[in-house]
Amino acid sequence: MTWRARIGFAALAFCAVATGCGGRTAMREFSLGQYDEPPPVLFARVLSGVQALGYVPTSVDGARGTIVTNAAFLSRRDGAAQLRVQLYREGWVSVTVTGGPVRRDARGALVPGELANEYQAFVLGLRDHIEPRDRP
């Protein structure tokens, strides 16, 4: 590789890093609800939904209304991410993403695109499990 090619490559890499082209996506985190079921009934349905989506909870705390599971996405550099489900007495269900690949800013979470896609599929699948619809 010539010195001009090396300088060009270094300049391109610097520009990509400086402009945020690291593959991160600004992601909005979602809440579901408001549901009318008693908290224990809703918690059981949410836990069942997490498992039906193929996730194995790493932490389940019915008293606090939390379920944590590892995301399928794994960053070689930043490690694992977790999907955290929090139920509130008022009937709301909040789903957030935490862990090494997640960066927070004033607008929410900045995550790799693959993790954003997994998060969205998880939330939509969970909603479909919690809110069964009659389909023809």
Side-chain angles (χ1 to χ4, degrees):
M1 186 184 283
T2 68
W3 66 273
R4 283 186 181 174
R6 287 183 186 155
I7 291 174
F9 180 77
L12 182 61
F14 176 78
C15 287
V17 171
T19 58
C21 295
R24 292 203 178 268
T25 302
M27 186 184 78
R28 220 176 102 209
E29 292 176 307
F30 295 100
S31 292
L32 306 171
Q34 187 171 21
Y35 302 105
D36 293 331
E37 287 95 6
V41 173
L42 181 59
F43 185 82
R45 210 157 73 208
V46 170
L47 179 58
S48 162
V50 168
Q51 294 167 332
L53 291 169
Y55 290 87
V56 178
T58 57
S59 173
V60 176
D61 187 343
R64 289 189 171 87
T66 60
I67 302 167
V68 179
T69 186
N70 287 325
F73 176 82
L74 181 64
S75 167
R76 288 189 303 174
R77 183 179 59 180
D78 297 321
Q82 296 79 37
L83 300 167
R84 181 181 178 87
V85 182
Q86 177 70 55
L87 282 75
Y88 295 95
R89 279 187 228 130
E90 298 82 13
W92 296 99
V93 178
S94 171
V95 183
T96 57
V97 63
T98 61
V102 180
R103 306 288 182 265
R104 301 269 173 204
D105 69 4
R107 296 169 299 209
L110 295 170
V111 300
E114 291 176 50
L115 181 55
N117 291 340
E118 180 181 355
Y119 172 82
Q120 185 177 26
F122 180 82
V123 171
L124 292 175
L126 193 57
R127 184 190 67 185
D128 286 348
H129 189 82
I130 296 170
E131 301 173 6
R133 293 184 172 82
D134 294 330
R135 295 193 170 101

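Both backbone and side-chain heavy atoms feed into the values below; hydrogens, waters and symmetry mates do not. This chain uses plain numbering: 1 for the first residue, then up along the sequence.
Connection of L110 to L74 is not established within any shared hydrophobic cluster, with ILVMFWY side chains joined at heavy-atom distances below 4.5 Å, either directly or through further cluster members. V95 is connected to V60 through a chain of hydrophobic side-chain contacts under 4.5 Å among Ile, Leu, Val, Met, Phe, Trp and Tyr, so both are in one cluster. Placement of V123 and V68 in two distinct hydrophobic clusters is found when ILVMFWY residues are connected by side-chain heavy-atom separations under 4.5 Å, directly or transitively. Grouping the Ile, Leu, Val, Met, Phe, Trp and Tyr side chains by contacts below 4.5 angstrom, directly or via other members, places L124 apart from V93. Note on Y35 and L47: same hydrophobic cluster, where clusters join Ile, Leu, Val, Met, Phe, Trp and Tyr whose side-chain heavy atoms are under 4.5 Å apart, directly or indirectly.
The two residues V97 and A81 make their nearest non-hydrogen contact at CG2-CB, 4.3 Å. Of all non-hydrogen atoms in H129 and S48, the two that sit nearest each other are NE2-OG, 3.0 Å. For the pair L87 and V85, the tightest heavy-atom approach, listed with the atom from each and the gap, is CD1-CG1, 4.0 Å. Summarising the geometry of T96 relative to S94, their closest heavy-atom pair is CG2-OG, 4.0 Å, with the distance given to 0.1 Å. Of all heavy-atom pairs between R24 and P112, the closest is NH1-CD, 3.4 Å.
Residue-environment remark: CG (D105) exceeds the threshold of 12 foreign heavy atoms within 6.0 Å. Within a 6.0 Å radius of CZ in R89, other residues, nucleotides and ligands contribute 12 heavy atoms or fewer. Atom CD of E114 has 12 or fewer heavy atoms from other residues, nucleotides or ligands within 6.0 Å. Annotation for Q120: atom CD does not count as buried by contact number, only 12 or fewer foreign heavy atoms lying within 6.0 Å.
For the ring pair (Phe, Tyr, Trp, His ring centres under 6.0 Å) condition, no pair includes a residue of residues 85-105, sequence neighbours left out. Pairs engaging residues 39-81 under the ring pair (Phe, Tyr, Trp, His ring centres under 6.0 Å) rule: Y55-F122 [sequence neighbours left out].
Remark: I130 CD1 to R45 CZ distance equals 7.0 Å, nearest 0.5 Å. Atoms CG and CD1, on L126 and I67 in that order, are 8.0 Å from each other to the nearest 0.5 Å. We find the CZ-CE distance between R103 and M27 to be 13.0 Å, quoted to the nearest 0.5 Å. Summarising the geometry, atom CG belonging to L83 is positioned 6.5 Å from atom OG1 belonging to T69; distances are rounded to the nearest 0.5 Å.
Ionic pairing of E29 and R84 is not present here: no N-O contact between side-chain nitrogen and carboxylate oxygen is shorter than 4.0 angstrom.
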Check against side chain to side chain contact (heavy atoms under 4.5 Å, CB included), V102 and L115: CA-CA 9 Å; V102 180; L115 181 55; 4.2 Å; yes
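Using a distance-only test at 3.5 Å, with no hydrogens or angles considered, no donor-acceptor pair links the side chain of E118 to the main chain of A71.
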